[in-house]
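Numbers restart at 1 for each chain; the letters A, B, ... are given by sequence-line order, proteins then strands. Owing to the predicted nature of the structure, the values given are computational and were not obtained by experimental measurement.
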Amino acid sequence: MKLVTWNVNSIRSRLERLLALLARHKPDVVCLQELKGAEDVFPFDAIQQAGYHAAVLGQKTYNGVAILSRAEPTDIHKGLGDDEHARLIAATVDGVRIVNVYVPNGREVGCEHWDYKLDWLKTLAAWLAKTAKATDLLAVCGDFNVAPDDSDVAHPDEWADSVLCHDRVRELFRGLLDWPLVDVFRKHHPDGRIYSWWDYRRLAFPKGDGLRLDHILATDPLARCCSAAEVDRDERKGEKPSDHAPVMATFDI
DNA sequence: ATGGTTGCTTAGCAA
C-alpha cells in the first residue's frame with residue numbers, strides 16, 4: 001500500500017496538480033487537508049475518472065479533509081467529537097484503518113485558537129485510545145501543524161516557541177507516539193533535515209526555510225511493514241504550488 | 001524588518 005498525505009491548500013486551486021500526482025505516484029490512498037470548500041465544490045467526477053473513490057468532509061472556505069482510495073472505503077467516520085471544523089475523517093481501506101487529520105494551526109501562542117489547538121490534540125489522543133487499539137493496522141496521518149523536533153526545522157532559532165515548535169505541542173505530539181504510534185518518516189530518515197512545508201509569506205522555499213509538519217504515524221504492526229517514506233519536494237516547485245509538499249509511505253502488506 | 005504570499009470571498013480573514 002502506497003499512502004500519501006498532502007495539504008493541498010484548496011482542492012479547486014490544486015486539482016490539476018493532484019491529478020498529476022495520482023498519475024505520477026499511483027498511490028493506493030491519499031489523505032488531503034485544507035480543501036477550503038464544502039462537498040458541493042469537491043471535484044468528485046475528476047477524481048472518479050482518475051480511478052479513485054473519495055470520502056469527503058468539506059467545509060465552506062476553511063479546513064476540509066478527504067480520503068481518496070483505489071479500493072472502496074468502508075466505515076467512514078467524519079469529525080472529531082463536537083468539533084465544528086472539518087478536521088478529521090477516517091475510513092478503512094484494504095484492511096487498514098486510515099485516520100486523516102488537519103490539526104488547528106494555533107495562530108499565536110496564548111490566544112484562544114492556541115488553546116483550541118492544544119485541546120484538539122488532547123481530544124484526538126483520547127478518541128484514538130477509545131476507538132482503536134495499538135495492535136490494529138492503523139495509520140494516523142495529515143497536517144499536524146507540529147514540527148516534532150529541532151531537526152525538523154531548517155532554522156530552529158527563527159521558529160523557537162512558535163505555534164509549530166512550542167514545547168506544549170511537541171509534548172502532545174509525543175503523547176501520540178507514546179500510545180504507541182511510530183513516526184514512519186522519522187524511522188527512515190533519523191537525521192531529519194527534510195521538510196514538508198515552506199511559508200509563502202517568508203518566500204521560504206527558495207531560502208530553504210522549511211519545517212516538517214506533515215506526518216504519517218502508524219501502529220507497530222503497520223509500521224513494521226513500512227519499507228520507504230519520502231517527501232515529494234518537487235511538488236513545491238513551479239507554478240501555483242501548495243505551501244505543503246506531499247509526504248508518502250509504502251507499506252508491504 | 002511583526003516584513004512577505006496565497007486562497008476564499010469580496011476587504012478581510014486565515015494560514
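Atom pair Asp209(A):CG and dG3(B):P shows a separation of 17 Å (rounding to whole Å applied). Rounding to whole angstrom units, CZ of residue Arg14(A) and C1' of dA15(B) are separated by 12 Å. One atom, CG of Leu35(A), and another, P of dA14(B), lie 19 Å apart when rounded to the nearest Å. If you take CD of Glu158(A) and P of dA1(B), they are 14 Å apart, rounded to a whole angstrom. In this structure, Asn7(A) atom CG and dA14(B) atom P are separated by 17 Å, rounded to whole Å. Between the P atom of dT6(B) and the NZ atom of Lys36(A) lies a distance of 12 Å, rounded to the nearest Å. As a whole-Å value, the separation of Trp198(A) CH2 from dT6(B) P is 16 Å. The CH2 atom of Trp197(A) sits 14 Å away from the P atom of dT6(B) (whole-angstrom rounding).
As judged by a 4.0 angstrom heavy-atom cut-off over every strand, Phe205(A) is placed among residues making no nucleic acid contact. Nucleic acid contact for His244(A): none, since no nucleic acid atom lies under 4.0 Å from a heavy atom of the residue.
Comparing dT9(B) with dG3(B), their P atoms are spaced 26 Å from each other, to the whole Å. A distance of about 15 Å separates the C1' atoms of dG4(B) and dA14(B), rounded to the whole Å. Across the C1' atoms, dA15(B) and dT2(B) are found 16 Å apart, a figure rounded to whole Å. The separation of dA11(B) from dT6(B), taken at their C1' atoms, amounts to 15 Å, rounded to a whole angstrom.
Between the side chain of Lys187(A) and the backbone N or O of Ala223(A) there is at least one donor-acceptor pair closer than 3.5 Å. Looking only at distances, no side-chain donor or acceptor of Arg174(A) sits under 3.5 Å from a matching main-chain atom of Val169(A). Using modelled atom types, no side-chain atom of Arg87(A) and backbone atom of Leu80(A) make a donor-acceptor pair closer than 3.5 Å.
Closest-nucleotide positions on DNA chain B for Lys240(A) and Asn105(A) were compared, and the one nearer the 5' end corresponds to Lys240(A). Of the two residues contacting DNA chain B, namely Asn9(A) and His113(A), the nearest-nucleotide position lying further toward the 5' end is that of Asn9(A).
The Arg201(A) side chain lies nearest to dT5(B) when the options are dT9(B), dA14(B), dT5(B). Residue Arg12(A) has its side chain nearest to dT9(B) when only dT9(B), dT5(B), dG7(B) are considered. With dT6(B), dT9(B), dA14(B) as the candidates, the nucleotide lying closest to the side chain of Arg107(A) is dA14(B). Proximity note for Arg87(A) (side chain, C-beta onward) versus dA15(B), dT9(B), dG7(B): the nearest is dA15(B). Proximity note for Arg202(A) (side chain, C-beta onward) versus dG4(B), dT5(B), dT9(B): the nearest is dG4(B). Checking dT5(B), dG7(B), dA15(B) against the side-chain heavy atoms of Leu203(A) singles out dT5(B) as nearest.
The ring of Tyr116(A) has its center closer than 6.0 angstrom to the ring center of His85(A).
Environment of CD in Glu158(A): crowded, with over 12 heavy atoms of neighbouring residues, nucleotides or ligands closer than 6.0 Å.
For the pair Lys60(A) and dT9(B), the criterion of a side-chain N or O lying under 4.0 Å from OP1 or OP2 is met. Between dC8(B) and Ser13(A), a contact under 4.0 Å exists linking OP1 or OP2 to a side-chain N or O.
Classification of Asp152(A) and Arg186(A) as a salt-bridged pair holds, one side-chain N sitting under 4.0 Å from a carboxylate O.
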